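All residue numbers in this chain count up from 1 along the given sequence. What you see is a predicted model; the values in this text were computed from it and never measured.
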Amino acid sequence: MKRIAALVSVGVALLAFGQVRAVETAATPEDCIRNFYRWYVTNLVANREPMKQRSEIRRYATERLLKEIGRMEKGPDGLDADYFTEAQDFDPLWAKQIEISGVKIQGDKSSAQVLLNGAKNMRKKLVVHLVREAGTWKVDKVQGRD
């Protein structure tokens, strides 16, 4: 019985730690960007469609943006490239080599220059715009800056 109680206590502690970490993941715009692109590219590499993982992507992107992407996909021209990477192809190194600079914060809005750095010709320069919702930074717009 004591062993079960100890296991339950450890489980509760791990669950609580996991929830704290989930909140911490977007404590700053840099955290949000780094954690989002690490998750997103890792899923692309594993042939899992990140946009179909609705509960997970909602941790990183605003509902407004997800609705906008949905409208763009259904539009007459669709999307010619992945919205978040502005690319048709991707480099697995992007999940690990994320450079963030020029972070600007104005109240609950932020923007940053992002470089997804891959092999020789597989570099993507982006401007990522974020908003803070309930104390958590989320991606609200991505623009290419090649």
Item checked: Pairing residues for R34 by the side-chain contact (heavy atoms from CB on, under 4.5 Å) criterion, not counting sequence neighbours -> E30, R38, I98, I100

Next item on the list: Sorted by first residue and then second, give each ring pair (Phe, Tyr, Trp, His ring centres under 6.0 Å) pair with at least one member in residues 87-131; sequence neighbours left out.
Entry: none

Notebook entry, point to check: Which pairs count as side chain to side chain donor-acceptor pair (under 3.5 Å) when at least one residue sits in residues 72-84, sequence neighbours excluded?
Noted result: Y40-D82, D82-T85

Which atom pairs, one a donor and one an acceptor, fall under 3.5 Å between side chains of residues 105-115 and the rest of the protein, sequence neighbours left out?
residue, atom, partner, partner atom, Å
D108, OD1, R132, NE, 3.0
D108, OD1, R132, NH2, 3.3
S110, OG, K104, O, 2.9
Q113, OE1, R145, NE, 2.9
Q113, OE1, R145, NH1, 3.2

Margin query: For a quick test of reading the model, state the closest non-hydrogen atom pair linking L66 to A61 and the distance between them.
Written below: CD2-CB, 4.0 Å

Next item on the list: State which residues pass side-chain contact (heavy atoms from CB on, under 4.5 Å) with K67; sequence neighbours excluded, sorted by chain then number.
Entry: E63, R71

Next item on the list: Would you please name every residue forming a side-chain hydrogen bond (donor to acceptor under 3.5 Å, both in side chains) with R64, sequence neighbours left out?
Entry: E68, D140

Checklist line | Q53 vs W39 side-chain heavy atoms within contact, under 4.5 Å | finding: yes

Check: Can you hop from V131 to V127 via hydrophobic side chains spaced under 4.5 Å?
Finding: no

Next item on the list: State, to 0.1 Å, how close L93 and A119 come at their nearest heavy-atom pair, and which atoms those are.
Entry: CD1-N, 4.1 Å

Margin query: Could you report the tightest heavy-atom contact between D91 and V41, atom names first, then the distance?
Written below: O-CG1, 3.8 Å

Next item on the list: Kindly state whether the ring of Y37 and the ring of F84 have centres lying under 6.0 angstrom apart.
Entry: no

Checklist line | Check: K124 side chain, N117 main-chain N or O, donor-acceptor pair, under 3.5 Å | finding: no

Check: What's the shortest heavy-atom distance between L126 and G144, and which atoms?
Finding: CD2-CA, 4.1 Å

Checklist line | Point-to-point distance, once rounded to the nearest 0.5 Å, from CD of Q97 to CE of M122 | finding: 12.0 Å

Margin query: I need the full list of salt bridge (Lys or Arg N to Asp or Glu O under 4.0 Å) pairs touching residues 46-56, with sequence neighbours left out, sorted by first then second residue.
Written below: E49-K52, E56-R59

Note to self: Run the salt bridge (Lys or Arg N to Asp or Glu O under 4.0 Å) test against E99 and tell me which residues pass, sequence neighbours left out.
What the structure shows: none

Next item on the list: Taking all heavy atoms of W137 and all of L130, pick out the closest pair and write down the distance.
Entry: CE3-CB, 3.9 Å

